[in-house]
2 protein chains.
Amino acid sequence: MAIKSKTRYAILGILSINSGTGYDIKKYCDTVISNFWNENFGHIYPVLSQLLEEGLIQEEDSSSTRKKVYTITESGRTEFLNWLLEPAEYQPMRSEFLLKLTFSSNLPKENIIAMLTDYKEKHLERLLKYQQLQDSLNKGNDEITTDRQIFLYAPLRLGILNTEAVLSWCDEILSAIQ
Amino acid sequence: MAIKSKTRYAILGILSINSGTGYDIKKYCDTVISNFWNENFGHIYPVLSQLLEEGLIQEEDSSSTRKKVYTITESGRTEFLNWLLEPAEYQPMRSEFLLKLTFSSNLPKENIIAMLTDYKEKHLERLLKYQQLQDSLNKGNDEITTDRQIFLYAPLRLGILNTEAVLSWCDEILSAIQ
DNA sequence: CGTACCATGTAAAACGTTACATGATTTA
DNA sequence: TAAATCATGTAACGTTTTACATGGTACG
């Protein structure tokens, strides 16, 4: 059966904004949406072949180069739109960190403090990264319409709010165990 | 090669608290740690066999019943402790909802409002569930030592703070697009 | 006596990551 | 001209979920 993973939709979504190669798609994932999505070449290329076969994307003829520039087709847009309108499926999360913490009751207190401090530091770094991303979004707004901008800003904003929540949580738990 | 997934450690962790069957382990996952961890039978039973083979757990002899009650061994505790002390690996997250939102710029405004409202409602429900769980934790504290209780309370508290962050975010974005 | 829950396991399918292999093009 | 980046793809591996198959036990 056809690949039913979400990668199809990630690719269709990216191509709905700009046509591009598999390589371009990977770059888009690693930059614009890296905070909440990731893809790898081993997945992108097979899915591209499949989308082509299904007629959801087409190859721009560029016999001159080795590049394969893909464009979304009308049926591709329809398929993508249908997916967009479905409510997002519930995703059970898995946190290795919380799993460790849950079973750390027999650990010496200093180890638990170290765990939490490390977790806090990682999230402080993440917050900084988010804020830099936000700044670069605010600066580079020539190319992006204001209407589109909020859709790039919103996920980042959620990242910031969530990370801030994690930071307060770390402080709360740290003072509770001391 | 041996299974290297985190399931090994989830199982060892659960058995480090209480001996039990594969079924008990599944139940523990579905109740106590369901907010941040999940396992299924198709995974639990093979991993149990493997842990037994490696001598990290042992079977209590209960020739009378069909039940297989597993207990963690000393080497199991050592292996688990070593894992606990390693820093948790970074986990790239994937949010289907944010993927949808990012590519929704061409959707009619009412659809986007519906998306966000639906997301908000789901998180309101989740918050309620968390609060109920917290209440039941506070009540049933006879069986659990106070020292252990914070380790069950902390993940829940993070769930609450995160969910509250999502709720404010929904309001923020909803008022930004209107 | 039927329903719900307890209990164990296998097989297949689906999903996802990493490593491997190859070579073109651009830039310092 | 060397290094970095662009560019495409396959194969292997490992992980995870779902479906299937089976039967026991407790309770109302």
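In this text, all values refer to a predicted model and were calculated from it rather than measured experimentally. Sequence lines set the chain letters: A, B, ... in the order given, protein chains first and strands last, and positions in each chain run from 1.
Both B:Ile177 and B:Met115 sit in one connected hydrophobic cluster of ILVMFWY residues. Membership requires side-chain heavy atoms under 4.5 Å apart, directly or through other members. A continuous path of hydrophobic side-chain contacts links B:Leu124 to A:Met93 [ILVMFWY only; heavy atoms under 4.5 Å]. Hydrophobic clustering, with ILVMFWY side chains joined whenever heavy atoms are under 4.5 angstrom apart, groups A:Leu85 together with A:Trp83.
The nearest heavy atom of DNA chain C to B:Ser49 and to B:Pro92 marks one nucleotide each, and the one closer to the 5' end goes with B:Ser49. Each of B:Leu48 and B:Arg94 has a nearest nucleotide on DNA chain C; the 5'-most of these lies closest to B:Leu48.
Here the P atom of nucleotide D:dA7 and the OH atom of A:Tyr70 are 13 Å apart, to the nearest Å. For B:Tyr23 and D:dG23, the OH to P distance is 18 Å, given to the nearest whole Å. If you measure from atom CE of B:Met93 to atom P of C:dG16, you get 15 Å, rounded to the nearest angstrom. Look at CD on A:Glu60: it is 16 Å from C1' on D:dA7, rounded to the nearest Å. As rounded to whole Å, 19 Å separates atom P of C:dA11 from atom CZ of B:Phe41. Atom CD in A:Glu39 sits about 8 Å away from atom P in C:dT17, given to the nearest Å. What separates NZ of B:Lys67 from C1' of C:dC5 is a distance of 12 Å, to the nearest Å. In this structure, NZ of B:Lys6 is placed 14 Å from P of C:dT17, rounded to the nearest angstrom.
When the shell of 6.0 Å around CD of A:Gln178 is examined, it contains more than 12 heavy atoms from other residues, nucleotides or ligands.
Ring geometry for B:Phe41 versus B:Tyr45: interplanar angle under 30°, hence parallel rather than tilted (30 to 60°). Ring geometry for B:Phe80 versus A:Phe103: interplanar angle over 60°, hence perpendicular rather than tilted (30 to 60°).
Note on B:Asn38: every side-chain N or O is 4.0 Å or more away from OP1 and OP2 of D:dT16. At the phosphate of C:dG9, OP1 or OP2 sits under 4.0 Å from a side-chain N or O atom of B:Lys68. Applying the 4.0 Å criterion to OP1 and OP2 of D:dT8, one finds that A:Thr21 has a side-chain N or O inside that range. Note on A:Asn40: a side-chain N or O is less than 4.0 Å away from OP1 or OP2 of C:dT17. Close to C:dA14, at under 4.0 Å from its OP1 or OP2, lies no side-chain N or O of A:Ser5.
Residue contacts shown for B:Gly22 are limited to sugar-phosphate atoms, with no base heavy atom under 4.0 Å away.
From B:Tyr119, atom OH reaches atom CH2 of B:Trp169 across 6.5 Å, with rounding to the nearest 0.5 Å. Within the model, atoms CG of A:Leu15 and CG of A:Leu48 stand 7.0 Å from one another, a figure rounded to the nearest 0.5 Å.
In this structure, the nucleotide among C:dG16, C:dA7, C:dT10 sitting nearest to the side chain of B:Pro46 is C:dT10. Residue B:Lys27 has its side chain nearest to C:dC6 when only D:dT16, C:dC6, C:dG9 are considered.
Comparing the helix axis at one end of the helix from C:dC1-D:dG28 to C:dA28-D:dT1 with that at the other, each defined from 5 consecutive pairs, gives an inter-axis angle of 30° (nearest 10°).
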